[in-house]
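Data first, discussion second: the structure below is written as structure tokens.
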Amino acid sequence: QDTQEKEGILPERAEEAKLKAKYPSLGQKPGGSDFLMKRLQKGVWDTISYTFTSEPKGALGMRTQKYFDSGDYNMAKAKMKNKQLPSAGPDKNLVTGDHIPTPQDLPQRKSSLVTSKLAG
Amino acid sequence: MYFVLRRKSALQVKIQWGPMCIYFPPTVGAGGGNDIQWCFSQVKGAVDDDVAEADIISTVEFNHSGELLATGDKGGRVVIFQQEQENKIQSHSRGEYNVYSTFQSHEPEFDYLKSLEIEEKINKIRWLPQKNAAQFLLSTNDKTIKLWKISERDKRPEGYNLKEEDGRYRDPTTVTTLRVPVFRPMDLMVEASPRRIFANAHTYHINSISINSDYETYLSADDLRINLWHLEITDRSFNIVDIKPANMEELTEVITAAEFHPNSCNTFVYSSSKGTIRLCDMRASALCDRHSKLFEEPEDPSNRSFFSEIISSISDVKFSHSGRYMMTRDYLSVKIWDLNMENRPVETYQVHEYLRSKLCSLYENDCIFDKFECCWNGSDSVVMTGSYNNFFRMFDRNTKRDITLEASRENNKPRTVLKPRKVCASGKRKKDEISVDSLDFNKKILHTAWHPKENIIAVATTNNLYIFQDKVN
């Protein structure tokens with residue numbers, strides 16, 4: 001059973017060695033507080049984000065979405081929308097400055113909601 | 001004296017010797033994961049490979065009778081299927097599940113204060129036990145829990161005096177005679193309406209909801225806190241667990257799942273990213289930061305590697321129906337714990353041990369962080385969980401046998417028996433085996449559900465829902 005256990009350890013240790021060879025800057029403690037912090041702060045802008053890119057992966061696999069503010073967020077969404085629909089004309093609902101916009105004037109964050117394909 | 005073992009149905013065993021016979025209740029080795037022959041029944045969802053993100057299934061749950069099956073997806077939508085009444089003529093198959101209701105449960109939001117996008121993805125659905133004609137379920141995204149009422153309408157009133165049939169009001173001066181409005185039958189309409197919205201109680205992302213056996217309260221858990229709600233009250237909730245350290249630099253673990261005990265309304269458990277489970281008793285104190293029991297399997301420190309903590313993180317915890325046991329799922333295994341024994345699990349089942357030698361690449365492609373769920377069958381004799389390549393695994397606790405099956409459209413003729421699959425870890429690959437390097441890690445089965453009473457299972461691939469049932473002779 002001792003050799004069995006050793007066989008159990010060896011693959012994991014070998015994998016660890018592989019990982020350290022690829023990413024020498026990898027921290028000692030994967031469960032350490034900075035990894036967990038990134039998980040908790042999914043979606044929040046903070047200065048840690050600039051050093052984050054040098055790490056191979058975020059904590060617990062969280063891809064963090066960082067926006068400076070809501071304007072930044074809306075710009076990012078608009079860019080994505082333009083990528084998806086290159087032929088879309090100018091949005092007729094956009095208010096262009098002849099009066100102060102109200103929440104009702106602004107375009108919806110998400111366009112018409114489609115029924116799930118499971119129900120199709 | 002001789003024994004004759006007969007199987008009456010998938011869930012009963014009759015032992016006969018001479019003129020005497022006894023029936024065993026389903027808990028005793030009755031047609032476990034491998035004596036059962038699983039057959040394809042139905043598949044729901046689009047066939048095309050190009051999966052829209054909104055169509056990714058994020059939760060699957062049968063209701064208490066098993067008649068309804070709910071799914072939630074990344075687009076915030078809920079689809080509920082209903083089992084058809086059993087066809088008395090076609091006794092060889094059980095009722096099919098067809099769409100009963102579908103609605104948009106949650107919508108994307110933007111937290112302006114924190115510049116944080118709030119995903120509409122449905123993390124969990126939990127059904128309430130049925131109390132009247134309507135059905136109720138709780139659905140939650142990262143921040144908000146909603147109580148939905150699903151009701152049927154098959155009659156409508158006609159013959160109002162002051163309203164036309166299309167709803168316009170009539171001028172009262174034109175009314176010369178009176179009539180009594182009557183209810184007339186109409187096509188069945190299933191309506192879903194949000195009855196309660198439980199919002200603003202979670203700073204971190206909700207991972208679990210669990211309804212108490214008192215049917216009046218429920219808990220919701222995020223990464224660091226667990227709250228207790230009353231189903232009728234939306235403007236406040238009690239915080240019952242708070243593991244946020246005073247100094248966030250000292251954070252070492254987060255809550256990964258939580259569940260109420262099925263029978264004891266004062267007991268709940270929560271699991272952590274470090275592989276521990278804490279059982280708490282709400283009678284002990286208002287804030288259950290101190291556990292009543294701590295379940296943890298000791299680890300040999302010489303075995304530790306960079307991956308040890310990540311793969312020990314528990315992704316799901318489920319009580320058995322009996323309430324005596326609980327099951328946990330970590331990255332490579334399923335463990336059954338006896339609530340009376342804290343120092344180690346009573347059973348451990350390896351789901352895909354061959355992945356241990358692939359941890360480096362699984363870390364690089366993020367798969368090591370995948371959160372697999374697990375479930376019990378109705379009699380607590382078999383447990384099931386998902387894996388990669390659209391494989392899912394079942395472990396029979398009595399016979400100790402296990403089986404690997406695949407959710408694939410290749411076998412989609414109804415009543416086709418599924419062929420067991422085998423993964424070849426290394427060396428010579430036998431015919432019909434698949435090698436570890438050929439596994440598709442994008443095809444993951446994270447969510448599975450087992451009908452509470454029958455051998456019917458719902459297995460969710462990325463965007464399809466498969467329903468399998470046992471072969472009924």
Side-chain angles (χ1 to χ4, degrees), chain A residues 5-23 26-37 39-46 56-63 65-74 76-77 108-110 113-120, chain B residues 44-46 52 54-55 57 71 73 75-79 81 99 102 104 107-112 114-118 204-205 223-224 248-254 273-274 300 302-303 305-311 313 356-364 366-370 463-465:
Chain A
E5 274 171 25
K6 286 216 177 98
E7 269 160 22
I9 307 164
L10 284 175
E12 228 177 281
R13 287 274 169 79
E15 292 297 300
E16 180 175 1
K18 251 192 251 175
L19 194 68
K20 291 239 159 96
K22 279 193 186 180
Y23 308 103
L26 205 55
Q28 278 303 306
K29 284 188 209 159
S33 62
D34 51 339
F35 274 75
L36 289 175
M37 287 286 282
R39 171 190 171 135
L40 297 178
Q41 288 168 13
K42 177 174 92 162
V44 175
W45 176 83
D46 59 53
K57 281 296 166 202
L60 304 169
M62 291 295 145
R63 250 189 319 117
Q65 295 282 308
K66 300 196 190 311
Y67 304 102
F68 181 77
D69 60 13
S70 61
D72 182 28
Y73 172 77
N74 283 313
K77 282 287 169 183
Q108 290 289 308
R109 240 174 43 81
K110 217 163 181 170
L113 302 159
V114 180
T115 313
S116 165
K117 294 199 178 114
L118 290 182
Chain B
K44 309 278 183 194
D55 292 325
I57 299 172
T71 61
D73 65 23
R77 301 163 299 190
V78 171
V79 182
F81 302 93
V99 180
T102 177
Q104 188 76 33
E107 299 202 15
E109 290 174 66
F110 192 74
D111 182 338
Y112 292 94
K114 297 179 188 166
S115 296
L116 209 156
E117 186 179 14
I118 302 172
Y204 304 100
H205 302 293
D223 289 323
L224 295 179
M248 283 296 269
E249 298 288 311
E250 293 162 23
L251 182 69
T252 54
E253 66 184 324
V254 294
S273 53
K274 276 186 151 175
D300 184 351
S302 64
N303 285 354
S305 75
F306 174 83
F307 303 109
S308 299
E309 194 172 304
I310 302 174
I311 62 171
S313 175
R356 204 179 282 271
S357 52
K358 301 286 170 197
L359 292 176
C360 178
S361 37
L362 292 168
Y363 179 85
E364 289 181 290
D366 277 354
C367 285
I368 204 175
F369 302 113
D370 285 335
N463 64 327
N464 285 171
L465 182 72

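Reminder, nothing fancy here: chain letters follow the sequence lines and each chain counts from 1.
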Handout entry: Closest approach of B:Ser357 to A:Lys18 (non-hydrogen atoms, all atoms of both residues)
Key = O-NZ, 4.4 Å
Practice task
Evaluate side chain to side chain contact (heavy atoms under 4.5 Å, CB included) for A:Lys117 paired with B:Asn463, printing each intermediate quantity in order.
Solution key: CA-CA 9 Å; A:Lys117 294 199 178 114; B:Asn463 64 327; over 6 Å; no
Exercise for the section: Measure the OG-CD1 distance between A:Ser116 and B:Ile57 for me, rounded to the nearest 0.5 Å. Expected result: 7.5 Å
Completion exercise
B:Val79 and A:Leu118 have their tightest heavy-atom pair at CG2-CB, 4.2 Å
Problem - Closest approach of B:Asn303 to A:Arg13 (non-hydrogen atoms, all atoms of both residues) - result: C-NH2, 3.7 Å
Fill in the blank from the handout: chain A shares the most heavy-atom pairs under 4.5 Å, among B:Asp111, B:Val99, B:Val78, B:Ile368, with B:Val99
Exercise for the section: Consider only side-chain N and O atoms of B:Tyr363 and A:Glu15, and report whether a donor and an acceptor are under 3.5 Å apart. Expected result: no
Handout entry: Residue B:Leu362 versus chain A: region with a heavy atom under 4.5 Å
Key = neither
Exercise for the section: Output the distance between atom OG (B:Ser308) and atom CD (A:Glu16), rounded to the nearest 0.5 Å. Expected result: 7.5 Å
Completion exercise
If you tally heavy-atom pairs under 4.5 Å between each of B:Ser361, B:Cys367, B:Cys360, B:Ala46 and chain A, the highest tally belongs to B:Cys360
Problem - Heavy-atom side-chain proximity of A:Glu12 to B:Leu359 below 4.5 angstrom - result: yes
